[in-house]
Amino acid sequence: MVVPLASFKNRRVLVTGHTGFKGAWLTQWLTDLGAQVWGYSLASPTSPALYQQLNLEDRIESIEADVRDSDRLSAVVRDWKPEFVFHLAAQSLVRPSYAAPEETFSTNVMGTVNLLNALRLADTRCAAVIVTSDKCYQNKEWIYSYREADPLGGFDPYSCSKAMAELATESFRQSFFAASPIRVASARAGNVIGGGDWAVDRILPDCIRALLSNAAIQVRNPHARRPWQHVLEPLAGYLRLALKLDGVVDEPGNPYCSAFNFGPAPASNRTVLEVVQQVLVHWPGEWYNASNHSAPHEATLLALASDKAAQLLEWSGKWNFEQTIQHTVEWYALTHQRHSPVEITQQQIRSYQKIAF
């Protein structure tokens with residue numbers, strides 16, 4: 001399937017959460033494709049922040065606001081009339097969800113509801129991709145990969161909130177969008193990594209911060225196994241899915257208005273310790289076991305089956321585990337050597353795009 005990425009040129013796109021890690025990568029990619037991007041988000045959540053490193057505020061229309069502000073969000077959707085929406089705004093970490101469960105649920109659930117309702121009220125043709133998480137599944141800690149039809153659930157507040165966001169998306173799809181010009185799909189991805197992530201409580205940023213300060217890397221859950229993938233992998237899936245939503249004929253029950261998994265190949269399901277060891281191949285340093293058995297629960301085993309995306313979107317991962325770590329560490333190393341973050345990011349996008357589209 002030839003995916004016409006040029007179809008984004010001069011199209012109106014709304015990205016919520018554009019100041020976050022994934023949102024900044026997606027915004028950079030869309031602007032490189034010539035899209036007219038409006039971003040809706042709170043201020044950059046970290047310092048440094050990829051959004052600022054890429055100088056995106058000079059190239060898009062950025063609105064600093066909360067997705068929980070339904071009136072403001074509705075006004076933006078009504079005024080901008082986006083042709084594409086990518087909803088990434090979220091409280092995106094498991095451990096902070098224990099400290100702030102109310103904020104996690106209100107942002108991830110009601111923020112999603114507010115966006116869907118804004119689209120309903122605007123009632124103009126739009127293709128919307130609602131990004132949730134692989135953690136939306138009722139995790140049984142088994143070796144089998146989860147499929148889109150498997151039960152949703154969540155032990156921790158973050159995971160539960162993502163399952164609820166999925167249910168809200170399906171409710172709006174069935175109740176309001178079945179016979180409307182608004183096409184909505186949801187996207188579930190694994191643990192994404194890549195240059196420019198500065199969040200706390202994520203293993204790659206923790207590695208880089210330690211290496212930059214010549215300190216040993218603290219490894220909280222060395223034996224936890226995760227489906228690691230470069231951030232460009234799921235973003236490519238979101239772009240493919242959005243273009244499919246934009247192009248499908250108006251008919252009830254089309255297969256694209258549904259949930260999609262975008263997970264890496266099984267060989268990329270590795271332990272946290274394997275990630276750290278691979279990082280140290282490219283940036284030598286030390287690590288130590290900082291396991292805490294009284295720490296809040298986090299899943300230790302989770303994998304996605306992406307057959308649906310492969311069949312309907314012809315999407316698959318292109319960078320293996322070793323390449324993913326290499327490109328990620330390279331981004332940080334080059335920016336540390338004062339190379340331009342914009343040029344490095346654009347170069348990685350171009351390299352990936354050549355093999356993925």
Side-chain angles (χ1 to χ4, degrees), residues 1 3 22 84-88 90 92 94 108-109 112-113 115-116 127-156 158-178 182-192 225-229 231 233-248 251-269 299 301-318 356:
M1 176 180 69
V3 178
K22 284 176 73 175
F84 295 97
V85 171
F86 296 93
H87 177 52
L88 285 77
S92 59
V94 172
N108 294 352
V109 183
T112 300
V113 169
L115 175 64
L116 293 167
V129 176
I130 308 299
V131 177
T132 62
S133 170
D134 61 343
K135 296 178 180 63
C136 69
Y137 291 105
Q138 189 180 103
N139 191 353
K140 301 181 184 297
E141 300 279 354
W142 58 21
I143 62 173
Y144 308 106
S145 299
Y146 292 90
R147 299 182 182 278
E148 290 83 353
D150 284 334
L152 302 176
F155 182 103
D156 57 86
Y158 169 77
S159 301
C160 184
S161 73
K162 289 300 188 177
M164 293 170 69
E166 283 281 352
L167 292 171
T169 300
E170 179 63 19
S171 175
F172 267 79
R173 189 160 45 222
Q174 294 184 1
S175 300
F176 305 113
F177 302 146
I182 302 162
R183 291 112 176 218
V184 177
S186 61
R188 307 162 181 176
N191 281 46
V192 298
R225 189 171 291 272
R226 301 280 190 270
W228 306 97
Q229 61 188 154
V231 63
E233 304 273 29
L235 294 186
Y238 305 165
L239 294 175
R240 283 176 174 266
L241 180 54
L243 289 171
K244 275 294 187 182
L245 292 171
D246 182 57
V248 297
E251 60 179 64
N254 77 69
Y256 303 106
C257 294
S258 59
F260 283 82
N261 287 341
F262 296 102
S268 289
N269 290 342
L301 185 62
L302 179 63
L304 296 179
S306 303
D307 308 61
K308 183 179 176 182
Q311 292 296 318
L312 293 180
L313 305 176
E314 296 186 19
W315 175 91
S316 63
K318 302 302 180 185

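Since the structure is predicted, the reported quantities are computational estimates derived from the model, not experimental observations.
Smallest separation of non-hydrogen atoms from Ala163 and Cys136: CB-O, 3.4 Å. The two residues Glu148 and Asn261 come nearest to each other via the heavy atoms OE2-N, 2.7 Å. Shortest non-hydrogen contact noted between Gly154 and Ser159 is CA-CB, 3.8 Å. Heavy-atom minimum distance, Tyr238 versus Ala187: CE2-CB, 3.4 Å. Between Thr112 and His87 the shortest heavy-atom distance is OG1-NE2, 3.2 Å. What you find for Arg183 and Leu245 is that their closest heavy atoms are NH1-O, 2.9 Å.
When each of Thr132, Asp156, Asn108 is checked for a side-chain hydrogen bond (donor to acceptor under 3.5 Å, both in side chains) with Ser161, only Asn108 meets the rule.
Partners of Tyr137 according to the ring pair (Phe, Tyr, Trp, His ring centres under 6.0 Å) rule, which considers only residues two or more places apart in sequence or in another chain, are Tyr146. With sequence neighbours left out, Asn191 forms a side chain to side chain donor-acceptor pair (under 3.5 Å) with Lys135. Under the rule for a side chain to side chain contact (heavy atoms under 4.5 Å, CB included), the partners of Ala242 that lie at least two apart in sequence or sit in another chain are Phe8, Phe84, Phe86, Val129. Residues that satisfy the side chain to side chain donor-acceptor pair (under 3.5 Å) test with Glu170, not counting sequence neighbours, are Arg173, Gln174. Take Glu166 and apply the salt bridge (Lys or Arg N to Asp or Glu O under 4.0 Å) test, not counting sequence neighbours, and it matches Arg188. For Ser171, the side chain to side chain donor-acceptor pair (under 3.5 Å) test picks out no residue, with sequence neighbours left out.
Taking OG from Ser133 and CG from Leu302, the interatomic distance works out to 7.5 Å, rounded to the nearest 0.5 Å. Note that the CG atom of Leu152 and the SG atom of Cys160 stand 10.0 Å from one another [nearest 0.5 Å]. Interatomic distance, Asp150 CG to Gln138 CD, rounded to the nearest 0.5 Å: 9.5 Å.
Residues Pro227 and Asp134 are in side-chain contact: their nearest non-hydrogen atoms beyond the backbone lie under 4.5 Å apart. A heavy-atom distance below 4.5 Å is found between the side chains of Pro234 and Gln229. At a threshold of 4.5 Å between non-hydrogen side-chain atoms, the residues Phe260 and Lys244 do not count as touching.
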Subject >> Intermediate values then yes/no, side chain to side chain contact (heavy atoms under 4.5 Å, CB included), Phe155 and Asn139 >> reply: CA-CA 8 Å; Phe155 182 103; Asn139 191 353; over 6 Å; no

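Using modelled atom types and a 3.5 Å distance limit, the side chains of Lys308 and Ser306 yield no donor-acceptor pair.
Formation of a donor-acceptor pair under 3.5 Å by the Glu233 side chain with backbone atoms of Phe262 is not found in this model. Judged by distance alone, with hydrogens and angles left aside, the side-chain atoms of Arg225 form a donor-acceptor pair with the main-chain N or O of Asn269 at under 3.5 Å.
Taking the six-membered ring where the residue is Trp, Phe172 and Phe176 present tilted rings, their angle falling between 30° and 60°.
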